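Remarks on the structure that follows.
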Amino acid sequence: MKRLYDKYVLQMWQLTKRDVKECKELAEQTSSKTGKMYFRGLKMQSMMFLLVYFFPLVWLMFAWIVGFPLLILEEGFVMALVLLSISTIMMLLFVTIVRAGRIHLYSKVKQNVIDKYID
């Protein structure tokens, strides 16, 4: 459980914090207004990523803590287990895809902007 927390929560938090700080510094270094705009946009994109990434994780915790007992009362134990298991798999798949995109695609975009606007 500790490894999952480190991999999916702590690592993403630290990566986003580092990227926000780096984009802020890069925006100050560049002399072009377009470059400053791009780096500020990357900073905002990095901050918005936290909402997209952490919302499904919070939803899963809420669904299992509150939703599971309510579903047991309404649908029965087996159906509640099936419904929450399917939704958990879908949310974890979404989080994994978003995490992969964040790590691989965002870094390429940021590097392209750095190459273009930092002298």
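Note that the structure is predicted; figures quoted are calculated from it, not measured. Numbering of residues begins at 1 and proceeds along the displayed sequence.
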State the [atom1]-[atom2] distance between [X] and [Y], to the nearest 0.5 angstrom.
X	Y	atom1	atom2	answer
L60	M90	CG	CE	10.5 Å
R99	H104	CZ	NE2	8.0 Å
S46	K110	OG	NZ	7.5 Å
M61	F54	CE	CZ	10.0 Å
S107	D19	OG	CG	8.5 Å
D6	Q14	CG	CD	8.5 Å

- request: For the pair V82 and E75, evaluate side-chain contact (heavy atoms from CB on, under 4.5 Å) and give the outcome as yes or no after the intermediate values.
  value: CA-CA 11 Å; V82 168; E75 300 290 333; over 6 Å; no

field: side-chain contact (heavy atoms from CB on, under 4.5 Å) between M12 and I103, intermediate numbers included
entry: CA-CA 9 Å; M12 285 295 109; I103 290 173; 3.6 Å; yes

Where the side chain of [X] meets the backbone of [Y], is there a donor-acceptor pair that is under 3.5 Å apart?
X	Y	answer
T30	Y117	yes
T96	L92	yes
Y38	A27	no

- request: Take L42 and E22 through the test side-chain contact (heavy atoms from CB on, under 4.5 Å) and record every step on the way to the result.
  value: CA-CA 10 Å; L42 284 173; E22 185 178 337; over 6 Å; no

Between [X] and [Y], which heavy-atom pair has the shortest distance, and what is it?
X	Y	value
G35	S32	N-OG, 2.9 Å
V95	P56	CG2-CB, 3.7 Å
V52	F94	O-CE2, 3.8 Å

query: Listed by chain and number, what are the side-chain contact (heavy atoms from CB on, under 4.5 Å) partners of F68, not counting sequence neighbours?
result: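 Only W64, I72, F77, A80, L81, L84 meet the side-chain contact (heavy atoms from CB on, under 4.5 Å) criterion with F68.
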
- prompt: Taking only residues two or more places apart in sequence or in another chain, which ones pass side-chain contact (heavy atoms from CB on, under 4.5 Å) with M47?
  reply: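 By the side-chain contact (heavy atoms from CB on, under 4.5 Å) rule, M47 matches V20, K43, M44.
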
- request: State, with a plain yes or no, whether a side-chain heavy atom of L57 is found less than 4.5 Å away from one of M91.
  value: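 Heavy-atom side-chain distance check fails, nothing below 4.5 Å.
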
query: Do the side chains of I118 and F39 get nearer than 4.5 Å, heavy atoms only?
result: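 Contact flag for F39/I118 side chains = yes.
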
Answer with yes or no whether the hydrophobic clustering places [X] together with [Y]; edges join I, L, V, M, F, W, Y residues whose side-chain heavy atoms lie under 4.5 Å apart.
X	Y	value
F49	F55	no
V9	V98	yes
L15	Y106	no

